[in-house]
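Let me begin by presenting the structure, written as structure tokens, before commenting on it.
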Number of protein chains: 2
Amino acid sequence: MSDVARHAGVSRTTVSFVLNDRPGAAIPDETRRRILDAIDELGYRPNAGARALAANRSGWFGLITEIVTGPFAAEVITGAQSRAWTDRRFLLIAASEGDPAQEAAALDQMLEHRVEGLLYATTWHRAVTLPEAAREVPTVLVNCYDAEGELPCVLPDEVSGGYRAARRLLDAGHTRIGFINLDPVIPAAIGRREGYERALREAGITPDPSLVIPGYATADGAYTAACELLDRPGGDRPTALFCGNDRMAMGAYDAIKERGLRIPHDVAVVGFDNQELIAGYLRPKLTTLALPFEAMGTKGVDMLADLAAGQPLDTRRVTIDCPLIERSSV
Amino acid sequence: MSDVARHAGVSRTTVSFVLNDRPGAAIPDETRRRILDAIDELGYRPNAGARALAANRSGWFGLITEIVTGPFAAEVITGAQSRAWTDRRFLLIAASEGDPAQEAAALDQMLEHRVEGLLYATTWHRAVTLPEAAREVPTVLVNCYDAEGELPCVLPDEVSGGYRAARRLLDAGHTRIGFINLDPVIPAAIGRREGYERALREAGITPDPSLVIPGYATADGAYTAACELLDRPGGDRPTALFCGNDRMAMGAYDAIKERGLRIPHDVAVVGFDNQELIAGYLRPKLTTLALPFEAMGTKGVDMLADLAAGQPLDTRRVTIDCPLIERSSV
DNA sequence: GCGCTTTAATAACGCGCGTTAGTTGGTGGT
DNA sequence: ACCACCAACTAACGCGCGTTATTAAAGCGC
């Protein structure tokens with residue numbers, strides 16, 4: 001920077017003013033041009049670290065996830081990254097790998113780097129408890145919430161997701177809709193079932209509990225569940241299956257095809273999660289609901305930016321809709 | 001740091017010596033303990049940025065990928081991250097999203113943060129050309145290579161992957177092995193075919209070119225290709241299919257099942273890529289080869305660390321084996 | 001010509017740390 | 001009694017920048 005100043009025949013301060021577009025600083029165009037030319041000529045690049053030190057503003061946000069591997073975390077990162085970029089901020093990403101020690105270590109490193117805010121994301125919707133150190137800095141939870149309800153969080157709207165799935169099938173004329181759910185105790189399963197039942201009732205149908213079977217998140221579990229639903233005695237088998245995730249839809253597909261039934265003509269299927277690698281390549285392609293991970297990442301940074309700027313949040317618990325991704329299985 | 005020094009009754013220098021375990025500094029245990037106690041008591045955390053500035057060593061490596069979304073990039077990140085951690089380094093991750101402008105901007109930011117090395121990773125094995133600015137800092141290519149062959153790179157060993165796949169099927173007694181390949185012009189397709197043919201020849205079988213059909217990386221393309229192979233006139237249809245990726249294996253599965261054939265009894269299948277969401281949930285689970293993304297990320301940081309330390313590389317072009325992931329389709 | 005305001009610029013301090021060149025007090029040897 | 005030596009520390013500088021207080025020159029009305 002001193003070299004640039006010398007080269008342009010001005011002081012270092014003036015260079016700083018130009019670089020930062022300092023409001024109130026009167027820099028004639030001619031001087032500004034000379035400085036910018038010098039920067040170009042010398043290939044000068046400001047030192048972000050020194051800048052942060054002097055301005056007492058690191059420009060970092062931290063992002064802790066359980067697993068970097070896996071499409072969900074990646075989407076959160078994408079959303080958060082792009083949003084952070086517009087504020088000229090950078091994201092410090094670390095994976096806890098489910099190990100509390102590693103998580104604490106990552107957090108320590110982040111605090112040493114003076115992150116101005118922390119995003120804490122999980123791969124599945126649930127309650128979490130954060131390490132103590134997280135209280136030192138503004139924190140937003142993504143896809144999870146703290147049991148005490150003290151921290152702001154951004155969550156998928158499971159209820160409207162379940163509602164939307166059932167509604168899509170009702171609109172297609174189905175009245176007996178089997179629901180192969182996730183483990184019944186987790187928030188996703190509870191919320192989606194609530195939405196599913198509400199849609200049925202709105203259509204004048206009384207939910208039949210025997211049509212809701214847990215598939216425990218695996219293709220095998222869903223296969224078994226689908227067999228049970230499709231082989232119901234009395235010939236009142238469902239004409240549509242709503243599966244709690246796309247993996248389970250794979251199992252359901254197998255059960256349906258095995259019986260010589262066709263998708264969607266004989267049995268329609270709706271999944272959840274919109275995992276491209278499954279939904280996009282099943283045959284026929286799977287109509288499913290997307291978890292809005294990218295939007296959640298974006299919104300999380302949004303909230304963090306407000307928090308870091310000292311502004312209060314308008315909503316401390318934000319829910320984001322799960323959009324229906326229309327393909328060919330309904 | 002000054003507070004800690006005052007609290008412990010020593011100078012700031014002594015605190016620095018303790019924090020950095022400075023070799024040659026004689027610090028009595030008693031003094032050291034007092035300092036560590038003070039750090040604890042005051043909740044002192046070193047400022048990583050200031051440290052980098054003073055030591056002229058940022059501790060950052062940059063990692064640029066095309067897409068953060070997607071399992072491949074995530075694995076590279078995991079490998080690189082964990083390896084970097086052991087050197088007390090951090091990874092600055094950015095996605096180019098295939099946009100040269102965004103890529104250049106990301107690189108600029110990284111250089112402003114004074115990264116000491118750059119990892120450039122692609123999602124599929126191919127040639128790349130880097131922006132000019134990348135020459136300012138040691139660079140290692142991951143899963144790609146530069147056309148000029150100037151930069152060090154770490155690549156998957158496609159040839160041994162193809163060899164290993166064919167070999168596995170030969171060992172299982174198959175002699176007519178169909179190969180649904182990727183787009184024939186890309187390095188992965190070329191290398192794997194070479195390995196496939198070598199394995200056949202070693203087994204005394206002359207490769208039959210009509211058994212190799214491109215599936216163009218899609219399930220649909222592979223379905224068509226598989227139909228062609230399975231419906232060959234003359235009853236000499238292959239008893240095994242080697243697919244250039246797992247998505248194509250999905251298409252092949254459909255073609256096989258449609259004909260009432262069983263996997264692996266009537267037709268064995270080997271995939272490539274080891275995409276958990278596909279390979280692990282197909283029924284039966286898919287035996288496939290893994291692209292060693294995590295290992296490539298690790299090795300990339302390895303090489304970068306040497307480069308950044310000023311040491312020459314022993315090998316400028318490293319290839320890493322693709323391990324066979326045994327499941328139930330052979 | 002004088003005072004006053006605006007424009008254009010600068011010198012100097014501090015951000016939090018690593019590092020070098022010292023200083024101080026004590027011990028052993030002759 | 002003198003010097004050499006070592007253990008245990010410290011003062012002071014600089015890393016690259018943002019920022020504040022200050023100055024010199026130019027413009028303006030009378």
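Side chains are part of it too, since the values below use all heavy atoms of this structure and drop only hydrogens, waters and symmetry mates. Lettering of chains follows the sequences in order, A, B, ..., and the numbering in each one begins at 1. Computed from a predicted model, the values in this text were never measured in an experiment.
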Item to check | Close approaches to DNA chain C from residues 26-43 of chain B, in residue order (heavy atom, under 4.0 Å) | outcome: none
Checklist entry - Testing A:Leu118, A:Val137, A:Leu63, A:Ile93 for side-chain contact (heavy atoms from CB on, under 4.5 Å) with A:Met110, which one passes? => result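 Output: one option passes, namely A:Leu118.
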Checklist entry - Quick one: is C:dT20 close enough that its OP1 or OP2 comes under 4.0 Å of any side-chain N or O from B:Arg22? => result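 For C:dT20, OP1 or OP2 has a side-chain N or O of B:Arg22 closer than 4.0 Å.
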Checklist entry - For nucleotides 10-17 of chain D, read 5' to 3', which letter fits each nucleotide if B means a protein heavy atom sits under 4.0 Å from the base, S means only the sugar-phosphate is that close, and - means neither? => result BBB-BBBB
Is the shortest heavy-atom distance from the side chain of [X] to the side chain of [Y] under 4.5 Å?
{"X": "A:Arg34", "Y": "A:Asp37", "result": "no"}
{"X": "B:Met1", "Y": "B:Ser16", "result": "yes"}
{"X": "A:Trp85", "Y": "B:Gln109", "result": "yes"}
{"X": "A:Phe72", "Y": "A:Met296", "result": "no"}
{"X": "A:Arg83", "Y": "A:Leu304", "result": "no"}

Which atoms of nucleotides 27-29 of chain D (N or O only) lie under 3.5 Å from a protein N or O atom, and what are those distances?
none

Checklist entry - Of the non-hydrogen atoms in A:Pro292 and A:Asp321, which two are nearest, and what is the gap between them? => result CG-O, 3.4 Å
Checklist entry - Do you know the tightest heavy-atom contact between B:Ser58 and B:Arg114? => result OG-O, 2.6 Å
Checklist entry - Any luck finding a side-chain donor-acceptor pair between A:Glu294 and A:Thr78 under 3.5 Å? => result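 No, A:Thr78 and A:Glu294 have no side-chain donor paired with an acceptor closer than 3.5 Å.
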Checklist entry - Is the side chain of B:Thr65 donor-acceptor paired with the backbone N or O of B:Ala73 at a distance under 3.5 Å, no angle test? => result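 Answer holds: no.
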